[in-house]
Amino acid sequence: PWQVCFCLDAQATQEIEQIIASQSRLVLSPTNLANLRHYALLHLSLEQAPSRSLKQQWAASQSSLTFSTQYSSEAQNSTTLLRSTIDFQGAISQQVQQQLVDDPALLNSLSQAHYWLISEIITQLPLKSATWYSWLIPVVWAMVTLVMSILLGYLLPVSYFLKAVVCVGILCLSKAIYQTVIAKKFKSWVIQQLIDGFLAQDALKRQLGLKLLSLLVGHTE
């Protein structure tokens with residue numbers, strides 16, 4: 001995927017105008033949202049994605065998202081009239097076909113639809129980690145560490161002081177392992193698989209991979 005393309009006609013632009021007037025939101029299906037998030041991951045900078053093919057390296061080096069609007073009418077076939085490129089620093093570049101410039105009414109309606117669609121998509125791209133299950137991984141990890149500490153403290157034939165030292169050492173080691181293996185290595189592996197691996201193969205796997213990534217975002221830093 002090199003760009004996100006909106007295929008519009010007169011009816012579609014009118015419907016979007018009505019949606020904007022009613023202050024409604026664009027509802028993206030789980031499949032479309034997963035595909036759009038996958039597209040955004042493909043265009044992250046190279047240092048944020050561990051490895052990928054040369055073709056994907058070229059795409060990632062762009063560090064930008066491209067949105068194009070094609071318009072079709074009874075008089076002509078589908079033609080790209082608007083294209084916006086947004087980089088991850090927020091800079092936006094625009095390309096407008098002369099045909100659109102020469103038609104102010106079409107320019108107004110089509111640009112309104114174009115920018116509204118982009119805004120709605122950009123708003124929904126970030127992963128949501130502020131839910132109860134975002135604590136699942138750290139809580140499970142803490143419980144496993146606590147159980148291991150109690151068992152080792154109970155089984156070790158040493159004094160209570162040494163048992164306490166061992167338990168504290170296990171807790172410190174567990175925290176270090178969590179921060180290096182889960183917070184960095186595992187999250188990087190999930191991103192890599194979403195970009196060019198098992199989790200990138202179809203929409204369902206992308207949804208599962210993104211759900212897993214959402215568990216790692218926010219509480220693994």
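For the residue pair T31/S29, the side-chain donor-acceptor check at 3.5 Å is not satisfied. A donor and an acceptor atom, one from each side chain of Q98 and D102, are located under 3.5 Å apart.
Rounded to the nearest 0.5 angstrom, L36 CG and Q124 CD are separated by 9.0 Å. To the nearest 0.5 Å, atoms CG (L82) and CG (L100) are separated by 5.0 Å. Distance check: L65 CG to I118 CD1 gives 9.5 Å after rounding to the nearest 0.5 Å. Atom CD in Q95 sits 6.5 Å away from atom OG1 in T85 (nearest 0.5 Å). To the nearest 0.5 angstrom, L81 atom CG is 5.0 Å from Q99 atom CD. Taking CD of Q193 as the reference point, atom CD1 of I191 lies at 11.5 Å (rounded to 0.5 Å).
Transitive grouping of hydrophobic side chains (ILVMFWY, heavy atoms separated by less than 4.5 Å) keeps Y39 and L204 in distinct clusters. Both I121 and I92 are members of a single hydrophobic cluster when ILVMFWY side chains are connected at heavy-atom separations under 4.5 Å. Following chains of ILVMFWY side-chain contacts shorter than 4.5 Å, one cannot reach L208 starting from L210, and the two form parts of different hydrophobic clusters.
Applying the 6.0 Å contact sphere to CD of Q11 captures no more than 12 heavy atoms from other residues, nucleotides or ligands.
A donor-acceptor pair under 3.5 Å links the side-chain atoms of T123 to the main chain of S119, judged by distance alone. A donor-acceptor distance shorter than 3.5 angstrom exists from the side chain of R37 to the backbone of L125, with no hydrogens or angles considered.
You'll find the side chain of R206 reaches within 4.5 Å of the side chain of N35, heavy atoms only.
Screening T69, I122, L26 against L117 for a side chain to side chain contact (heavy atoms under 4.5 Å, CB included) leaves a single residue, L26. Of the options T80, T79, T13, a side chain to side chain contact (heavy atoms under 4.5 Å, CB included) to Y71 is made by T13 and by none of the others.
Closest approach of W116 and S24 over heavy atoms only: CZ2-O, 3.8 Å. Residues L8 and A113 come closest through the heavy atom pair CD1-CB, 4.0 Å.
Ring planes of F6 and H114: perpendicular class, angle over 60° (limits at 30 and 60°).
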